[in-house]
Visitor: 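Sharing a structure here in structure tokens format.
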Amino acid sequence: MRIYLVDDYEKMSKKAATIVASQMRIKPDSVLGLATGSTPEGMYKELVKMHKKEDLDFSEIKTFNLDEYYGLPKDNRESYYFYMMNNLFNHINIKKGNINIPNGMEEDIKAECIRYEEEIEKAGGIDLQVLGIGRNGHIGFNEPNLKFEALTHLVKLDEDTITANSRFFDSLDEVPTKAISMGIKTIMHSRKILLLANGKEKALAIKKALEGPIKPEVPASILQLHIDVTVIIDKEASKELNLEDHPKLKWS
Ligand code: PGA
């Protein structure tokens, strides 16, 4: 695990975008796993800039998003489909057919989850998966105490996640209580993982994920077993870490 410690959100976003862009330049038909939420917004802005100013080419790129709310139509402003179009896809030259986001409106959820896994397999697997982390240590919508061996599935959101995400909705009641999410197993099958975290409210989750025992109570702790993880955190998110315990930690 490589850990980069950066001053602030802007530096985290720039460094993350550089890593994603390098992957794309090395393999122009890369399969990218993408995340939503506040954390990667700055990274997407940088990638859009690179596309416009440096011709970063998305024409052969395929994407798979980690998750989508259950029961929110695509045109709902809080759906992750809407988020992705708004933050990235509308501003780059990706082919619409290469974009994959779980369909939260599908009636047969089981079939949708199986279809999603099959699409990832058909694409040859995910080359680079971008992750944020929840205050409760979740990755994707894999909430604490779910099975590590799960593939894409329907999850019931934690109270903490619902409260955290209510900032995007008019009221707590409007936050969906379920979502379709890649499972931990799906995430662990990615060839490379890029985990981003900023802000002091993520510091404890980062400590438990990187230093704590590997256990389903802290879903992100499983990343300690992945062979190719890069973590970029800002100073605030690193506050709880024992920095001397991380020989591969670099200031950047
Ligand atoms: P955030 O969410 O980026 O909005 O903080 C991250 C997550 O919950 O995985």
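Numbering of ligands and ligand atoms starts at 1, following listing order. Predicted model only: the values in this text are computed from it and were never measured.
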Visitor: Look at atom 6 (C) of ligand 1 and say which protein heavy atom is nearest, naming residue and atom and giving the distance to 0.1 Å.
Guide: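 That would be I133 O, 3.5 Å.
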
Visitor: Are the side chains of I126 and R191 in touch, meaning some heavy atoms are under 4.5 Å apart?
Guide: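 Result no, sub-4.5 Å side-chain heavy-atom pair not found.
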
Visitor: Is there a side chain to side chain contact (heavy atoms under 4.5 Å, CB included) between L72 and E78 once you walk through the steps?
Guide: CA-CA 8 Å; L72 273 198; E78 300 312 331; 4.1 Å; yes

Visitor: Does any N/O atom on R167 come nearer than 3.5 Å to any N/O atom on ligand 1?
Guide: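 Min N/O separation from ligand 1 is below 3.5 Å for R167.
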
Visitor: Less than 4.5 Å apart, any side-chain heavy atom of L195 and any of M1?
Guide: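 A side-chain contact is absent here, since even the closest heavy-atom pair is not under 4.5 Å.
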
Visitor: Hey, which atoms in ligand 1 end up nearer than 4.0 Å to a heavy atom of S38?
Guide: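 Per the distance check, 1 (P), 3 (O), 4 (O).
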
Visitor: For atom 3 (O) of ligand 1, what is the nearest protein heavy atom, given as residue, atom name and distance?
Guide: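 Protein heavy atom at minimum distance: T39 OG1, 2.4 Å.
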
Visitor: Any atoms of ligand 1 less than 4.0 Å from a non-hydrogen atom of G37? List them with their elements.
Guide: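 By the 4.0 Å cutoff, the relevant atoms are 3 (O), 4 (O).
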
Visitor: Determine, for Y4 and K15, whether the Lys NZ or Arg CZ falls below 6.0 Å from the six-membered ring centre while staying within 45 degrees of the axis.
Guide: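 Positive - K15 is close enough to the ring of Y4 and near enough to its axis.
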
Visitor: Applying a 4.0 Å heavy-atom criterion (strictly less than), which segment of E201 is in contact with ligand 1: side chain, backbone, both, or neither?
Guide: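 Answer for E201: neither.
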
Visitor: How far apart are the closest heavy atoms of N198 and D234, and which atoms are they?
Guide: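 In this case the closest contact between N198 and D234 is CA-OD1, 3.3 Å.
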
Visitor: Just which atoms of ligand 1 are under 4.0 Å from any heavy atom in G134?
Guide: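 Heavy-atom distances to G134 below 4.0 Å select 7 (C), 8 (O), 9 (O).
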
Visitor: Answer side chain, backbone, both or neither: which part of N165 comes under 4.0 Å from ligand 1, heavy atoms only.
Guide: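 It is neither; nothing of N165 touches ligand 1.
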
Visitor: Which residue holds the protein heavy atom closest to atom 5 (O) of ligand 1, what is that atom called, and what is the gap in Å?
Guide: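 Protein heavy atom with the smallest distance to atom 5 (O) of ligand 1: K202 NZ, 2.6 Å.
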
Visitor: Which heavy atom of the protein is the closest neighbour of atom 8 (O) of ligand 1, given with residue, atom name and distance?
Guide: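 For atom 8 (O) of ligand 1, the nearest protein heavy atom comes out as H138 NE2, 2.6 Å.
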
Visitor: Taking heavy atoms and a distance under 4.0 Å, where does R135 meet ligand 1: side chain, backbone, both or neither?
Guide: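 The answer is neither.
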
Visitor: Find out whether K110 and R115 are in side-chain contact, i.e. whether some heavy atom of one side chain is under 4.5 Å from a heavy atom of the other.
Guide: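 The answer is no; the side chains never approach within 4.5 Å.
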
Visitor: Would the F141 and Y69 ring centres measure less than 6.0 Å apart?
Guide: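 F141 vs Y69: aromatic centres under 6.0 Å.
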
Visitor: For R135 and D160, run salt bridge (Lys or Arg N to Asp or Glu O under 4.0 Å): C-alpha distance rounded to whole Å, both residues' side-chain angles, the deciding distance at 0.1 Å, then the answer.
Guide: CA-CA 8 Å; R135 299 185 304 201; D160 190 64; 3.1 Å; yes

